[in-house]
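Every chain is numbered from 1, with letters handed out A, B, ... down the list of sequences. What you are looking at is a predicted structure, and each value in this text was computed from that prediction instead of being measured.
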Amino acid sequence: MIRRGPHGGRDQSAKQEGAEDNMEEREAIDLAADWADISQGLRKDLGHQLFTQWIKPIQLGKLDHDTGTLDLFLPTEFSATWVEDRYHDRLSLAWKIASSDVRHISIKVHPGRRKIADLDLRGQDGFGHRAANDASLAMESIGDDGFTASVGLDPSQTFASFVTGSTNILAKNAAERMAKAEKPQFSPLYLKAATGQGKTHLLHAIGHSYLQTHPRARIFYCSAERFMVEFVQALKSNEMIEFKARLRGFDLLLVDDIQFIIGKASAQEELLYTIDALLNEGKRLVFAADRAPQALDGVEPRLLSRLSMGLVADIQPADIELRRAILESKLTKFAPLEVPGDVIDFLARTVSRNVRELVGGLNKLIAYAQLTGQEVSLQLAEEQLTDILSANRRRITIDEIQRTVCQFYRIDRSEMSSKRRARAVVRPRQVAMYLAKVLTPRSYPEIGRKFGGRDHSTVIHAVRLIEDLRQRDADMDGDVRSLLRQLES
DNA sequence: GATTCTTATCCACAATGAG
DNA sequence: CTCATTGTGGATAAGAATC
């Protein structure tokens with residue numbers, strides 16, 4: 001698995017080595033071999049389509065031994081941003097596992113390609129800043145006096161750029177108070193949200209805001225994953241005491257994705273002591289995770305109680321109004337650019353899972369439109385965003401359909417499986433079968449089974465019948481439409 | 001209530017496609 | 001090749017419609 005070249009301690013040896021050319025060549029071969037392994041794994045993980053679209057075009061750059069940073073090149077600004085956004089963590093982790101010389105990865109546009117200025121969507125919109133999560137700079141900046149840029153906080157992720165709605169206002173207010181108030185009323189603050197709902201954004205924002213009011217504050221920001229890496233490194237090199245001392249010197253501790261700490265008993269222990277020490281001094285602690293503290297199984301109870309003793313603020317998934325507001329706010333960044341209202345509406349309505357995807361979709365659309373010189377239109381959106389759309393189509397179950405249809409026609413749920421053939425129950429049953437075929441990927445036999453074990457040809461008959469009826473009967477069409485609307489929201 | 005008509009259902013079987 | 005899915009035509013009996 002771990003491929004090691006014959007040149008282990010490169011940092012020292014490479015500079016004195018006479019045969020430098022040879023070294024470089026060997027290294028390039030090693031990296032290429034590692035990359036072959038990694039991309040094999042990713043191919044399995046991501047599936048063929050995603051792999052060929054995003055991973056395959058990646059070209060290996062050089063490894064900088066001083067910083068341990070490996071460059072990965074993509075042919076376009078857009079694909080670089082995309083890969084950065086979606087796969088940075090994965091790639092980074094895979095490389096760290098494959099080669100101990102690689103400590104960070106950097107995803108860039110291939111220097112050979114001309115950078116299209118118009119398409120430079122980064123920077124303004126918070127898209128493609130996953131690297132900041134890594135906070136590789138956080139630990140390195142400990143020596144200095146908390147200079148903002150080196151803390152690893154993404155400068156675009158501030159409270160000002162955080163769009164609020166009813167689902168996240170609570171968490172935002174809590175975060176703001178954590179950053180502003182002189183004495184924190186609660187600590188730690190625990191942010192709970194599914195991926196892509198903005199917890200990382202809030203974490204960064206707290207950092208920035210606190211730094212504004214306390215310019216000399218010492219802030220620690222990192223993901224729990226990163227925490228683990230640092231921890232293990234300190235452990236290996238017998239620098240634990242130093243490591244502990246550093247940790248306790250911070251005024252504000254921001255730890256992202258603490259669910260990753262599950263199962264690492266020793267790191268948990270260390271985190272626990274750090275929390276206690278910082279809490280006693282009235283320091284501020286903020287944690288973020290994708291689940292409630294109680295749901296972090298594998299974390300010891302003492303740590304759990306520390307995590308939940310402050311305020312646990314839940315960020316609900318963005319609702320449609322918030323999603324629209326986010327898009328509008330991003331849109332002001334492309335000021336002269338016209339994006340029709342129905343496109344915004346379409347995006348806000350369909351991509352519901354993940355805000356990153358939402359913004360990513362908008363970026364992709366705009367980039368594509370500019371590349372091809374087309375107008376941004378609803379049609380273009382439907383064509384270009386098929387991957388995002390299919391991933392976001394809410395998984396509607398047959399049970400859900402049956403419930404909704406029964407409610408709509410005011411009949412009992414049991415009629416879906418009953419043997420009765422009265423019009424009043426057969427029609428709804430057939431409508432439900434039709435909807436099951438249209439809205440789910442289930443096969444005819446499977447649908448038949450869900451309707452009292454009916455034959456698959458019965459389902460086919462029902463689907464065709466309702467299709468036919470929708471054409472000729474306006475009432476039926478209206479019924480189906482309103483059912484579709486109900487089910488898809 | 002007895003009748004004819006309509007059709008929801010099941011069955012047997014062919015064609016097709018994924019693994 | 002095997003298995004599951006889709007699709008066709010036919011038979012039957014449960015309801016609907018008509019008297």
Side-chain angles (χ1 to χ4, degrees), chain A residues 1 35-58 86-87 90 94 350-351 353 357 382-488:
Chain A
M1 267 264 243
W35 176 234
D37 284 351
I38 292 170
S39 54
Q40 264 316 315
L42 284 170
R43 176 187 227 117
K44 274 188 203 149
D45 270 357
L46 300 176
H48 185 255
Q49 164 133 35
L50 284 173
F51 176 83
T52 40
Q53 193 167 8
W54 304 113
I55 305 299
K56 209 170 161 197
I58 292 177
R86 309 261 295 235
Y87 303 124
R90 266 182 123 122
T350 27
V351 14
R353 252 185 355 183
E357 250 178 10
E382 278 168 0
E383 280 169 18
Q384 288 306 311
L385 302 178
T386 45
D387 49 342
I388 299 177
L389 296 183
S390 64
N392 269 281
R393 208 178 301 285
R394 198 167 58 87
R395 290 263 264 145
I396 299 174
T397 64
I398 294 181
D399 291 274
E400 217 174 319
I401 292 171
Q402 291 187 341
R403 266 198 304 279
T404 314
V405 171
C406 288
Q407 204 184 350
F408 186 87
Y409 289 105
R410 311 192 178 271
I411 60 174
D412 195 90
R413 177 77 194 280
S414 64
E415 299 293 7
M416 289 290 116
S417 323
S418 79
K419 286 263 170 290
R420 291 185 57 209
R421 291 194 201 177
R423 196 40 69 78
V425 324
V426 162
R427 265 302 114 79
R429 192 186 293 147
Q430 290 170 321
V431 168
M433 288 180 183
Y434 166 80
L435 290 171
K437 192 62 217 173
V438 174
L439 296 176
T440 75
R442 306 276 151 242
S443 68
Y444 289 119
E446 253 177 302
I447 295 171
R449 240 169 282 138
K450 284 275 188 180
F451 286 84
R454 287 180 156 74
D455 193 83
H456 79 279
S457 55
T458 306
V459 182
I460 294 180
H461 171 67
V463 171
R464 287 217 258 258
L465 182 81
I466 299 301
E467 265 169 6
D468 201 60
L469 246 45
R470 281 190 73 180
Q471 298 275 319
R472 289 185 287 102
D473 184 351
D475 286 346
M476 175 55 79
D477 192 54
D479 286 3
V480 174
R481 276 175 192 282
S482 88
L483 278 166
L484 279 170
R485 217 175 322 113
Q486 256 188 68
L487 283 163
E488 273 175 342

Side chain to side chain contact (heavy atoms under 4.5 Å, CB included) between E446(A) and T440(A): does it pass, once the steps are laid out?
CA-CA 11 Å; E446(A) 253 177 302; T440(A) 75; over 6 Å; no
Walk me through whether R403(A) and D399(A) qualify under salt bridge (Lys or Arg N to Asp or Glu O under 4.0 Å).
CA-CA 6 Å; R403(A) 266 198 304 279; D399(A) 291 274; 5.4 Å; no
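Between R420(A) and dA8(B), a side-chain N or O to OP1/OP2 separation shorter than 4.0 Å is absent. Phosphate proximity of dT9(B) to R429(A): present, with a side-chain N or O under 4.0 Å from OP1 or OP2.
Residue-level contact check: R454(A) touches the backbone only, with heavy atoms under 4.0 Å from sugar-phosphate atoms and none from bases. Residue T458(A) is classed as a base contact, given a heavy-atom separation below 4.0 Å to a base. Across all strands, R442(A) comes closer than 4.0 Å to no nucleic acid atom at all (heavy-atom distances).
The nearest heavy atom of DNA chain B to S457(A) and to Q430(A) marks one nucleotide each, and the one closer to the 5' end goes with Q430(A). For the pair G452(A) and R423(A), nearest-nucleotide mapping onto DNA chain B gives the more 5' position to R423(A).
A salt bridge links R472(A) with D468(A): at least one charged nitrogen is closer than 4.0 Å to a carboxylate oxygen. Using a cut-off of 4.0 Å between Lys/Arg side-chain N and Asp/Glu carboxylate O, D479(A) and R470(A) are scored as not salt-bridged.
Remark: P of dA8(B) and OH of Y434(A) are 16 Å apart, rounded to the nearest angstrom. When rounded to the nearest whole Å, the span between CZ of R421(A) and P of dT6(B) equals 16 Å.
In terms of the side-chain hydrogen bond (donor to acceptor under 3.5 Å, both in side chains) criterion, residue partners of D412(A) (sequence neighbours excluded) are, by chain and number, S414(A).
Counting 5' to 3', DNA chain C first comes under 4.0 angstrom of a heavy atom of chain A and last does so at the ends given by dT5(C) to dA16(C).
Judged by distance alone, the side chains of D455(A) and S457(A) do bring a donor and an acceptor atom under 3.5 Å apart. Using a 3.5 Å distance cut-off with no hydrogens or angles, the side chains of R429(A) and S417(A) do not pair a donor with an acceptor. Side-chain contact of Q407(A) with T404(A): a donor-acceptor pair under 3.5 Å is absent, judged by distance alone.
Near DNA chain B, meaning a heavy atom under 4.0 Å away, there are no residues from residues 466-478 of chain A.
Using a 4.5 Å heavy-atom cutoff, the side chains of V425(A) and Y409(A) are not in contact.
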